Amino acid sequence: MTTSTSSILRRGTLRRAAALLSCMGLLVSLTACSTPWNQDTADDAQTSGIRIAPSMSALFDQYLAKDTLSQFERDVLQRAKKTGKISAEDYETAHDKQAACMAENGWQEQTRKLSNGLYQTTGVTPVPSTDAEVNKYMEASNTCSEGTSKIIESLYQLQQGNSGLLADPYETAVECLKKSSLVDDSYTGRKLENALNGDGGASKGLPFDASSDAAQSCFTGAGLAVNIG
């Protein structure tokens, strides 16, 4: 069983902005938060092993069949189809295009690069402090991602953090956590989901340091935003 490309786009749309704002306490008041990259898929993916697509190559083909791609996106995906993956250089370019557009709209986003090569947004200047400013920021993020980073970053995130193309973000994160020796083989996606969404904050009940690069790489690669503060 696989999901559609529209589900992947829903996952990527405003993910970075919504995750950042919620973890900053601007959308919800929490000391920690987790934002699945596709809540619809996460809700439906209670059976282990459900996959987003048969392969990355199949995803590249599905997107290349769309007539709504920008020339930049089409060029990146055509190169990816030939080599079997999106290059780090193309991911950097997509990220830079997004950042430049946001700056032109008055927003300076702060990021850090994780060990798996993915960027994690850690802050924004100026900090939106009203509902109107939050909406303005999220609208800018959505507009700036169109034709630049929305598709490329979503696919690169899958490539770097979810090579098995698992549909369940918690299961995806746990597979990574196991590879990093942060949890043992008995740990499950449901245990992680309960820990992240339970009372007392995301750090309660986790058997590892959620703020470490290794943990954050697993979370971001799975499409989860987990900030401890």
Side-chain angles (χ1 to χ4, degrees), residues 11-12 14-39 41-42 45 48 52 85-86 88 91-92 94-96 98-99 108-125 127 149 153-229:
R11 179 187 68 238
L14 297 182
R15 174 186 59 80
R16 175 167 53 189
L20 171 64
L21 292 173
S22 61
C23 288
M24 289 172 64
L26 296 171
L27 297 183
V28 291
S29 179
L30 296 173
T31 56
C33 66
S34 60
T35 305
W37 38 248
N38 184 351
Q39 189 61 55
T41 299
S48 177
I52 294 167
K85 63 180 182 180
I86 295 174
Y91 172 66
E92 292 282 349
H95 175 81
D96 290 346
Q98 165 89 14
Q108 295 288 341
E109 291 184 322
Q110 292 84 52
T111 62
R112 68 165 172 166
K113 198 170 188 179
L114 299 168
S115 57
N116 59 1
L118 297 175
Y119 280 105
Q120 181 183 59
T121 306
T122 58
V124 61
T125 304
V127 177
S149 64
E153 288 197 347
S154 292
L155 290 175
Y156 193 76
Q157 178 187 308
L158 286 174
Q159 176 183 296
Q160 298 299 105
N162 185 6
S163 59
L165 298 179
L166 298 175
D168 186 328
Y170 298 101
E171 184 180 350
T172 301
V174 166
E175 287 299 308
C176 176
L177 293 169
K178 288 177 180 178
K179 290 178 181 178
S180 298
S181 300
L182 294 178
V183 296
D184 60 33
D185 289 340
S186 67
Y187 205 76
T188 65
R190 298 289 71 78
K191 285 183 179 180
L192 178 63
E193 180 179 14
N194 291 336
L196 294 180
N197 297 320
D199 295 333
S203 61
K204 184 178 181 180
L206 290 178
F208 54 88
D209 179 5
S211 66
S212 68
D213 177 87
Q216 286 294 316
S217 292
C218 289
F219 292 143
T220 300
L224 295 169
V226 181
N227 287 2
I228 308 299

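Residues: numbered from 1 along the sequence shown. The model shown is predicted, which means the values in this text are computed figures rather than measured ones.
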Is any side-chain heavy atom of D168 closer than 4.5 Å to a side-chain heavy atom of R190?
-> yes

Between CD on residue Q98 and OG1 on residue T121, distance to nearest 0.5 Å = 8.0 Å

Nearest heavy-atom neighbours spanning A195 and L206 | CB-CD2, 3.6 Å

Contact check, side chains of H95 and E109, non-hydrogen atoms, under 4.5 Å | no

Going by heavy atoms in the side chains, are P207 and V183 under 4.5 Å from each other?
-> yes

Plane angle bin for Y187 and F208 - parallel if under 30°, tilted between 30 and 60°, otherwise perpendicular = perpendicular

Taking the side chain as every heavy atom from C-beta outward, state whether L114 and F219 have any atom pair closer than 4.5 Å.
-> no

If you take all heavy atoms of G221 and L118, which pair is closest and at what distance?
-> CA-CD1, 3.6 Å

Between K179 and S163, the two heavy atoms sitting closest are NZ-OG, 4.5 Å

Is the shortest heavy-atom distance from the side chain of T220 to the side chain of Y119 under 4.5 Å?
-> no

Apply side chain to side chain donor-acceptor pair (under 3.5 Å) to the pair Q110 and T125, showing each step before the final yes or no.
-> CA-CA 8 Å; Q110 292 84 52; T125 304; 3.2 Å; yes

Of all heavy-atom pairs between V127 and V124, which one has the smallest distance, and what is that distance?
-> CG2-O, 3.3 Å

Got a second to check how far D213's CG is from N116's CG, nearest 0.5 Å?
-> 7.5 Å

So, for I52 and L166, which heavy atoms are closest and what is the spacing to 0.1 Å?
-> CD1-O, 3.5 Å

Look up atom CG in L224 and atom CD in Q216, then write down how far apart they are to the nearest 0.5 Å.
-> 10.0 Å

CD on E153 to CD on Q160, rounded to 0.5 Å = 12.0 Å

List the atom of T172, the atom of G161, and the distance in Å for their closest heavy-atom pair.
-> CG2-O, 3.5 Å

Got a second to check how far K178's NZ is from S186's OG, nearest 0.5 Å?
-> 7.5 Å

Note, T188 side chain near V174 side chain (heavy atom, < 4.5 Å) = no

